[in-house]
Amino acid sequence: MPAPTSWLKRLVVGRPFRSDTLGETLLPKWLALPIFASDPLSSVAYATQEILLILSIGGLACFTLAPWVGLGVAVLLTVVVISYRQVVKAYPSGGGSYEVASRNLGSHAGLVVAGALMVDYIMTVAVSVASGVDNIISAVPELNDHRILLDIGFIVLLAAMNLRGIRESGRAFAAPTYLFIATVVLMIAAGFARVATGHPPVSESAGYTVRPEQAGLTGFALVFLLLRSFSSGCTALTGVEAISNGVPAFRKPKALNAARTMTAMGVTAVVMFGGITAPALITKVHIAENTCDLAGFRGDCTTDPQRTVISQIGAAVFGGDHAVLFYVLQAATALILILAANTAFNGFPLLASILAQDRYLPRQLHTRGDRLAFSNGIIALSLVAGILVFAFDGSTTRLIQLYILGVFTSFTLCQAGMVRHWNRELATATTGRAAIRRSRLSNAVGAFLTAIVLVVVLVTKFSHGAYLVVIAIPLLYGLMRAIHRHYTHVREELQPDEESELLPSRVHAIVLVSTLHKPSQRAIAFARATRPDTLSAITVNVDDADTRELRRQWEARGMKLPLKVIESPYREITRPVVQYVKNLRRGSPRDVVCIYIPEYVVGRWWENVLHNQSSLRLKGRLLFEPGVMVTSVPWQLHSTTRRDLHRVRPLPGDIRRGVTTTRRPG
């Protein structure tokens, strides 16, 4: 009978996959696109909105600047996609920005990139889920009071899907991604068709006016507002690097398939971003950070949410907020925004695995789980993102201020590293030098533009929450350096030497006895079988009556082994035993003391609370004593017969591979 936890795990995660089936989980291009590109594709749903929200600070007059801001974002997105195609071709092993920076700029730059990417992936989950829930609330405003609960619920659902494996989660997420692309393209085409026929769509907020927070902006103030709006619109670039991190997950030829997928992602994202920005201006969407700044807003501005930009465009194009296509658009948008977090659920565990392999993160993050996914990384990402959403009340606008600083830090260092990579290639290349120069130029332009955006983002968003990222990245850098130092010191300390090959002078065996019963008899028999130089049994006198009864039983059974009683006036067990062992070793440092501890093995989880607590504390303390070995001698209680650990179901293909399964009789 399987344990309840095991049954629940199989229900959520599914049956385990064999290690030799890893190749069967590799992705074709059509499936890799929704898995690795759902974040940049979904970002177009709110990038235009973020541009307009910042421009609204200056009033309606500043909305006329939105096309130029949108054009700048589209150009930058194109340049970054072209630059990362070079990364995919040059470094197909899957390290992405981290590998590029580490190899070409040094380990310090690589760790800065790694810290920035980890922050980026965490924020991707938080922002994507929060934005998706915003669109659900736009369609069903009554859910506004349950925003945080919905956010956390979707994070848990995404984690569960990804724990089932990259290929299975990709199949589940492919349909919503392609539905979103198709619906947005239909909306864009229908909107421009209505414009062409002389009946341009009009949004529900077209009649609103915006009360400017800063009226009459000119000169430097206007430039600063434009830069801040541009930096907010650059959220459309988030997740672009995920494909470069996930190259090993593609089918062969891996690099070529990854590069083609990145091209498809870039073209689709640019078309959709431009196609949403233009209709937003045509339909005269008016939106503000503070709802009460919208004069004419229908409803209570202190409690009722504004509709998102894409939902207003959809309602205007498809014939109102009760049209079937409007609900299809809202459902597709909410799904893609929530599923955009899947980019992070694939990118973060892969990056964490590489960092763990390089000894910069705990080794547990390098291990694949039952479904050949990096389960520990998925769980860690879910926990941190959930805490972040809760701390910021699920507000997309507040969360997004923390978002793109990490993105452009990794972009800039990666592109700078690629420039140095091409310089090295040119120094040794005898053919194809023109192609190398073109690649270097694209990466140089990318490094220059992303560095400018990085400075703009840092300046314009620092006081709005980006300072938290400025703190977080150095903290992650310091943590990874500390972990690496620990692993380095441990490896150096454990190097074999001549002294470690010497045998101990003597072995003193000690059996801990509290009661004369079957477990203690087995421990004594096992200790005798090892043939130590000396063998004794000890008990701690916590209760005089119990100790006298133990002595009586010991003598009545004629035990040949001497029983030593250790006094404990304060009724402790651990400290007297540890002190006794220390005194025993003090005479000869080369002697080894082996402690045999009888332990119960129970079959039910709650029985663990009732047994073995003293032995656990004692083992935990003795492990810190040099020259002391601790051996647990198990005694299985009858409840363990319910735990059939030898019963294993055969996996598909086991018989064909010649794998046999052992079953317990009966």
A.B. asks: Side chains of S97 and E241 only: does a donor on one sit below 3.5 Å from an acceptor on the other?
C.D. replies: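 The criterion, which ignores hydrogens and geometry beyond distance, is not satisfied for E241 and S97.
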A.B. asks: Under 4.5 Å between any side-chain heavy atoms of P634 and E599, yes or no?
C.D. replies: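 They are not in side-chain contact.
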A.B. asks: Can you name the residues that form a salt bridge (charged side-chain N to carboxylate O under 4.0 Å, His left out) with R103, not counting sequence neighbours?
C.D. replies: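 Testing R103 for salt bridge (charged side-chain N to carboxylate O under 4.0 Å, His left out), a comparison that skips the adjacent residues, returns E99.
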A.B. asks: Among all residues two or more places apart in sequence or in another chain, which pass the side-chain hydrogen bond (donor to acceptor under 3.5 Å, both in side chains) test with D145?
C.D. replies: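 With neighbours one apart ignored, the set is empty.
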A.B. asks: Taking all non-hydrogen atoms of both residues into account, name the closest pair between I378 and P349 and its distance.
C.D. replies: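 Smallest interatomic distance, heavy atoms only, reads CG1-CG, 3.7 Å.
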A.B. asks: So I595 and T631, do their side chains get closer than 4.5 Å, heavy atoms only?
C.D. replies: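 T631 does not reach I595 side chain to side chain.
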A.B. asks: Can you confirm whether I510 sits close enough to L584 that some side-chain heavy atom of one is under 4.5 Å from a side-chain heavy atom of the other?
C.D. replies: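 Of all side-chain heavy-atom pairs linking L584 with I510, at least one is under 4.5 Å.
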A.B. asks: Without swapping roles, check the side chain of S568 against the backbone of V542 for a donor-acceptor pair under 3.5 Å.
C.D. replies: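 Not at all, since once roles are kept as given, no pair shorter than 3.5 Å links the two residues.
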A.B. asks: Check for a donor-acceptor pair, side chain of N583 on one end and backbone N or O of Q579 on the other, with a separation under 3.5 Å.
C.D. replies: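 Looks like yes, one N/O pair under 3.5 Å.
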A.B. asks: Could you tell me which residues satisfy side chain to side chain contact (heavy atoms under 4.5 Å, CB included) with K518, sequence neighbours excluded, listed by chain and number?
C.D. replies: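 Counting only residues at least two positions away or on another chain, K518 forms a side chain to side chain contact (heavy atoms under 4.5 Å, CB included) with Q521, W635.
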A.B. asks: Where does the angle between the aromatic ring planes of F250 and F36 fall among parallel (under 30°), tilted (30 to 60°) and perpendicular (over 60°)?
C.D. replies: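 Geometry flag for F36 against F250: parallel rings.
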A.B. asks: Taking W554 for its side chain and E549 for its backbone only, find out whether a donor-acceptor pair lies under 3.5 Å.
C.D. replies: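 Between the backbone of E549 and the side chain of W554 there is no qualifying donor-acceptor contact (under 3.5 Å).
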A.B. asks: Working note: L618 + L512, criterion side chain to side chain contact (heavy atoms under 4.5 Å, CB included); need CA distance, chi angles, decisive distance, verdict.
C.D. replies: CA-CA 11 Å; L618 182 59; L512 297 185; 2.9 Å; yes
A.B. asks: Nearest 0.5 Å please: distance from the CG atom of L468 over to the CE atom of M123.
C.D. replies: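 With rounding to 0.5 Å, CG (L468) is 9.0 Å from CE (M123).
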A.B. asks: Quick one, I597 and V633 - any side-chain contact, counting heavy atoms below 4.5 Å?
C.D. replies: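 In short, these two side chains do not touch, never coming nearer than 4.5 Å.
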A.B. asks: Search all heavy atoms of V469 against all heavy atoms of P474 and return the closest pair with its distance.
C.D. replies: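 Scanning both residues completely, I find the closest heavy atoms to be O-CD, 4.3 Å.
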A.B. asks: Could you work out, with ring pair (Phe, Tyr, Trp, His ring centres under 6.0 Å) as the rule, every residue matching Y91, not counting sequence neighbours?
C.D. replies: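 In terms of ring pair (Phe, Tyr, Trp, His ring centres under 6.0 Å), with neighbours along the sequence ignored, Y91 is linked to H421.
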A.B. asks: T534: which residues meet the side chain to side chain contact (heavy atoms under 4.5 Å, CB included) condition with it, sequence neighbours left out?
C.D. replies: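 Partners of T534 by the side chain to side chain contact (heavy atoms under 4.5 Å, CB included) criterion, ordered by chain and then number, come out as H508.
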A.B. asks: I would like to know whether L550 and L563 meet side chain to side chain contact (heavy atoms under 4.5 Å, CB included); could you show each step before the answer?
C.D. replies: CA-CA 10 Å; L550 176 60; L563 175 66; 4.1 Å; yes
A.B. asks: Roughly how far apart are H146 NE2 and I137 CD1, rounded to 0.5 Å?
C.D. replies: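 Reported value, rounded in 0.5 Å steps: 9.5 Å.
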A.B. asks: Do the side chains of P598 and R522 get nearer than 4.5 Å, heavy atoms only?
C.D. replies: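 Side-chain contact under 4.5 Å: no.
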A.B. asks: Tabulate below the donor-acceptor pairs under 3.5 Å that side-chain atoms of residues 478-492 make, not counting sequence neighbours, or state none.
C.D. replies:
unit_1 : atom_1 : unit_2 : atom_2 : d
Y487   : OH     : R363   : N      : 3.0
T488   : OG1    : H484   : O      : 2.8
H489   : ND1    : R485   : O      : 3.3

A.B. asks: Strictly distance-based, threshold 3.5 Å: is any side-chain N or O of S410 a donor or acceptor partner for the main-chain N or O of V407?
C.D. replies: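 Indeed, once roles are kept as given, a pair shorter than 3.5 Å links the two residues.
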A.B. asks: Kindly indicate, with the supporting measurements, whether the criterion side chain to side chain contact (heavy atoms under 4.5 Å, CB included) is fulfilled by L381 and V125.
C.D. replies: CA-CA 8 Å; L381 175 62; V125 175; 3.9 Å; yes
A.B. asks: Which pair of heavy atoms, one from V113 and one from A101, lies closest together, and at what distance?
C.D. replies: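 That closest heavy-atom pairing would be CG2-CB, 3.7 Å.
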A.B. asks: Can you list the residues that meet the salt bridge (charged side-chain N to carboxylate O under 4.0 Å, His left out) rule with D393, with sequence neighbours excluded?
C.D. replies: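 With sequence neighbours excluded, D393 shows a salt bridge (charged side-chain N to carboxylate O under 4.0 Å, His left out) to R398, given in chain and number order.
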A.B. asks: If you round to the nearest 0.5 Å, how far is CD1 of I336 from OG of S128?
C.D. replies: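 So the OG of S128 and the CD1 of I336 are separated by 9.0 Å.
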A.B. asks: Which heavy atom of I473 sits nearest to which heavy atom of G406, and what is that distance?
C.D. replies: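 In terms of heavy atoms, the two residues are closest at CD1-CA, 4.3 Å.
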A.B. asks: Of the non-hydrogen atoms in Y98 and G110, which two are nearest, and what is the gap between them?
C.D. replies: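 Closest pair (atom of Y98, atom of G110, distance): CD1-O, 3.2 Å.
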A.B. asks: Show me the pairs that pass salt bridge (Lys or Arg N to Asp or Glu O under 4.0 Å) and involve residues 556-581, at least two apart or across chains.
C.D. replies: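 Counting only pairs at least two positions apart or across chains, the salt bridge (Lys or Arg N to Asp or Glu O under 4.0 Å) contacts touching residues 556-581 are E572-R575.
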A.B. asks: Look only at the side chain of S520 and the backbone of T515, and say whether a donor-acceptor pair between them is shorter than 3.5 Å.
C.D. replies: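 A pair under 3.5 Å: yes.
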A.B. asks: Just to verify, what does A545 make a side chain to side chain contact (heavy atoms under 4.5 Å, CB included) with, not counting sequence neighbours?
C.D. replies: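 Only D543, R548 meet the side chain to side chain contact (heavy atoms under 4.5 Å, CB included) criterion with A545.
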A.B. asks: Shortest non-hydrogen contact from V247 to K254?
C.D. replies: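 Minimum heavy-atom separation between V247 and K254: O-CB, 3.8 Å.
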A.B. asks: If I take atom CG from residue L149 and atom CZ from residue F154, how far apart are they, to the nearest 0.5 angstrom?
C.D. replies: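 It is 10.0 Å, given to the nearest 0.5 Å.
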A.B. asks: Could you pull out all residues at least two apart from E555 that satisfy side chain to side chain contact (heavy atoms under 4.5 Å, CB included)?
C.D. replies: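 Listed in chain order: nothing, the list is empty.
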A.B. asks: Could you pull out all residues at least two apart from F526 that satisfy ring pair (Phe, Tyr, Trp, His ring centres under 6.0 Å)?
C.D. replies: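 With neighbours one apart ignored, the set is Y596.
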A.B. asks: Kindly compute the distance separating CD1 (I155) from CG (L388), expressed to the nearest 0.5 Å.
C.D. replies: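 I155 atom CD1 to L388 atom CG measures 8.5 Å (nearest 0.5 Å).
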A.B. asks: Sequence neighbours left out, what passes salt bridge (charged side-chain N to carboxylate O under 4.0 Å, His left out) with D591? Give chain and number order.
C.D. replies: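 Testing D591 for salt bridge (charged side-chain N to carboxylate O under 4.0 Å, His left out), a comparison that skips the adjacent residues, returns R506.
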A.B. asks: Quick one: pull up CG in L535 and SG in C594 and give me the separation to the nearest 0.5 Å.
C.D. replies: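 Here the rounded value is 10.0 Å.
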A.B. asks: Kindly indicate, with the supporting measurements, whether the criterion side chain to side chain contact (heavy atoms under 4.5 Å, CB included) is fulfilled by V593 and V507.
C.D. replies: CA-CA 6 Å; V593 177; V507 176; over 6 Å; no
A.B. asks: Side chains of T547 and N541: any donor to acceptor distance under 3.5 Å?
C.D. replies: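 Distance-only check passes for N541 and T547.
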A.B. asks: Report yes if some heavy atom in the side chain of L365 is under 4.5 Å from a heavy atom in the side chain of L355; otherwise report no.
C.D. replies: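 L365 vs L355: side chains apart.
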